Asks: 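Just dropping this structure here.
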Amino acid sequence: MIKDSTKDLWTFRESKEPSRVELYFLGALVVAGVISIIRLANWWFREEHVGNLILYIILSVIFWYGMLRIILIWINYLGIRKPQKTAPPKDVRVAIFTTSSPGEPLSMFEKTLEACANISYPHKTYLLDDTQDSGFREVAEKYGAIWLNLVGLPGAKAGKINKAMTMTDEEFILVLDPDHIPFPNFLDEVLGFFDDKQVGYVQVSQAYYNQYRSFTARAAAEQTYTFYGPTQMSLHGYNSSVAIGANCTFRRKALESIGGHGIGLAEDLVTAIRIHAAGWRSVYHPVIVSRGLVPEDFDSFCKQQLKWARGVHEVLFAEVPRLFKKLSFWQKVSYITIGTYYLEGLTTLFYLIIPFLYLWFGVVPAKMYFIEFILQGMPVLIFSVWIYLFVQRWMCHPAIERGLHFRGMIQKFACWPIFLKGTLLSLVNKEIPYIPTAKQAVISKMSPFAKPVLMHIVIFIITLTYTIYERRYLLSDVELVSTSERAYGMIAFATIPFLLALGAIYAVIESIKLKSENPWEKI
Amino acid sequence: MKKYIYRIVIIVAALVLGVLMVAGLTFIGKESSGPAEDLFSKISSGISLIENKFILGKREKSRLIELKWFDKYRSDKSKLLLPDKILLGAYDDKTSETFQPIAELEDSLKTVFPLIHIYTAWGSNRNQRFPATELNSIHSIGSIPIVTWEPWLTDFDKEAMPGLPNPEVRDKDGLKAIARGVYDIYIDRWATEAKLFNKLIFLRFAHEMNDPYRYPWGPQNNMPEDFIAAWKHVVDRFRAVGADNVIWIWSPHPAYKMFDEYYPGEDYVDWIGVGTLNYGTVAPWSQWWTFDEIFAKHYELLAKYNKPIIISEFGSLAVGGDRAEWFNEALNDFPKRYPGVKSLVFFHCSSDATTTYQTLNWYFKDDPEILKIVKRTTSAWPNYSDIKIAQ
């Protein structure tokens, strides 16, 4: 089964074109979802629901901020479009930039550079190298790539790209991550869009070939399926699709108009927002024309998340206010929505604390009947899931990407401390060092990122034990019978994240046992 | 232009389908709220059962053990229709989260109440349904609940009850509407849940129906025969579903003389209830009345019904007289003076805003003199030795 689908990975895939009937039905689902949310709101805001007033206000802000994001995502989907591909123009000059850094395995570059050489549209491949290892030069030359020695430049990958731009003069530049193995038709798919002189960059999907290696890898891949399908296609519909570091083809003039590739932890997003602000159009083309690597072990995944959490906030605080006036309405909405994504760390923390606040101190933010909340919230849940599943028809490779993505959910939950850390670091404007995303499983002891999750599990178990002890020996019989419903309701509420945390610990333990492998050698 | 019309048609059609989907789901939700709720209440009563068995049942000292003497009453309705001693009880307004305030009053009186009194209103809100959680709690700690059940009619949703008039006209002839069966959906559901509860409940329905200044079910909106018809209708609905575990308290206001016109008949009433609150001088219409002034002159009339009498609201404010003396006069030799009274329920309410524009405080838990008097007088009652905390 897995073997078959692995073979499946190396064929060209593209999303379906949304039909009118599908769009109409999606619109109806969104209307139904919004009505359900209004219905829930009508029930939520009642005086009798107020427990502790301050906590009630915080809870309401957080909960309804979450609902607002859901509505924005739905409205975004209504813009879903697939761009019309045209044949690539003859005789334009294209450069492929791929970078190598110390510590990256040479054998991976063999595959990547070989695949670059096989791209059918005429092009020049450049290896932007700072390894100071002659092996890289040899491999580059073996596959006809031009080796550029770019040592000691600030700004990691982006710095090298900017320097390389001064040494080259091709009209179009494809930035390819070295772990991504391109298909021969890559350039044929994207170059046609540049016939429109307004188009600044064309982004294609990022797909992976090592997701079957571990729970973490699957989870990480699951988190991207919707984004590289319906989400980006919809952003494209509003001319707001974003460039994602790898697999993005830029018009040199667009990059030059913003003073070169952006630098920073979220250099891709910085570049995208600047190009949009400079008035260029963007294209998202939902095709799989390369496959790369996704972090296989928990620690590498978390490092990548921390990098993004910190970097994305940088865009929110530094770029969005500066460029705000130059962005279109939907670009504003979408960059703010992306920029605040990692606030979820803070909101998750609050949701986690609620049951413990009750079980330790008897404080409740909201006095709601649990069953009423379920009855009011159920339609919202049903339509959310329905829309989530419905838009999966526009994934690039639905056969293997569809599903409820529970692994992705578990792993996203486990990252709340990382998101929170990213937010806090941004608030005090503290840097984290640039960490390249690991290309191989890093075998080590338990990831330090698992500590907060473990702590959560320990706190839950202690609280549960104490609650049972308290109820058995300390509470008076009158208190006991009166508090039974709420106490067990809160325990149930605390059990859901506890189970997610257990799932995350499974991923952590599996990561420790994971054998290091070079996935590219099996292709 | 054609494209423009096409778009509008699409948008309208999507709106219509969206609304239909939500409506459909809501309908299913309403229909299926039964099973979902059943499951939920089964889980919660299952948990209570486990806790009762493994926690309450294992304790050496508990309210349940202290009320052991009351078990024979709790399991036998006939003993409660003709009790051989005075059953004490209390209402406390701070019990929305826990009955702990009742326990605190008990501690300061060195007693344990066999009866606990709560109030609940009619309506479509969740807190106006059958109060299963509270009643289960009361039973789990060894007492029997008294429920004062107030037929407020304006809180019903129109869509939940077809044929309902607008809220502003519901009170006029409201009891006629009850008798006509307009509110049967609500009554039957309550009655069914009461039957499922399966333990004894004192139900004090539509109290002070003869007071024209208090509640909408009073004479200002209804005729006495409407009250009797409504009362009989409600009792009949309960009997029809088999809720025989309900003990009916008919509770007029004795100060308004013609209460006999409101008596539904001896087949429909189990106990006679009376409130004897002394408001002192808090309001222009009130003055300091002793317990005897409030109650004694009506006692003979009430005793004539030949039913056990319950003082369902017993208490005094502190303004305008000596409150300790009021308790002393009331409780001294009480059983001898009022042999027909078989229950007395303290109205222990810290902020009562129902009668005057200011909130009134009926609490006496922190008044050592009153506590002493209550302890001294009640412990001199015959048969009281049973009621005291087991030694």
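Order of the sequence lines fixes the chain letters, A, B, ..., with proteins taken first and strands second; residue numbering starts at 1 for each chain. It should be emphasised that the depicted structure is a prediction, and the values quoted were computed from it without experimental measurement.
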Asks: Looking at R281(A), I want to see if its CZ is surrounded by more than 12 non-hydrogen atoms of other residues, nucleotides or ligands under 6.0 Å.
Replies: no
Asks: As an exercise, state the distance from CZ of F383(A) to CE of M21(B), rounded to the nearest 0.5 Å.
Replies: 5.5 Å
Asks: Please check: side-chain N/O of D477(A) versus main-chain N/O of S62(B), any donor-acceptor pairing under 3.5 Å?
Replies: no
Asks: Given heavy-atom pairs under 4.5 angstrom as the criterion, report whether the side chain, backbone, both or neither of E485(A) touches chain B.
Replies: side chain
Asks: Which pair of heavy atoms, one from G27(A) and one from A14(B), lies closest together, and at what distance?
Replies: C-CB, 4.0 Å
Asks: At their closest point, which heavy atom of S137(B) faces which heavy atom of V481(A), and how far apart are they?
Replies: OG-O, 3.4 Å
Asks: Within the distance-only criterion (no hydrogens, no angle test), does the side chain of S482(A) pair as donor or acceptor with the backbone N or O of E97(B) below 3.5 angstrom?
Replies: no
Asks: Side chain, backbone, both or neither: which part of K61(B) has a heavy atom under 4.5 Å from chain A?
Replies: neither
Asks: Taking side chain as everything from C-beta outward and backbone as N, CA, C, O, which of these in Y473(A) sits under 4.5 Å from a heavy atom of chain B? Side chain, backbone, both or neither.
Replies: backbone
Asks: Please determine whether side chain to side chain contact (heavy atoms under 4.5 Å, CB included) holds for the pair I102(B) and V478(A), giving the CA-CA distance in whole Å, both sets of side-chain angles, and the decisive distance to 0.1 Å.
Replies: CA-CA 9 Å; I102(B) 298 270; V478(A) 176; 6.0 Å; no
Asks: Name the region of L64(B), side chain, backbone, both or neither, that has any atom closer than 4.5 Å to a heavy atom of chain A.
Replies: backbone
Asks: Please state whether the side chain, the backbone, both or neither of R471(A) comes within less than 4.5 Å of a heavy atom of chain B.
Replies: both
Asks: Sort Y24(A) into side chain, backbone, both or neither according to what part of it lies under 4.5 angstrom from a heavy atom of chain B.
Replies: both
Asks: What heavy-atom pair brings F54(B) and R472(A) nearest, and what distance separates the two atoms?
Replies: O-NE, 3.8 Å
Asks: Can Q100(B) and S476(A) be counted as having a side-chain donor-acceptor contact under 3.5 angstrom?
Replies: yes
Asks: Which bit of L23(A) is near chain B, if near means a heavy-atom gap under 4.5 Å: side chain, backbone, both or neither?
Replies: neither
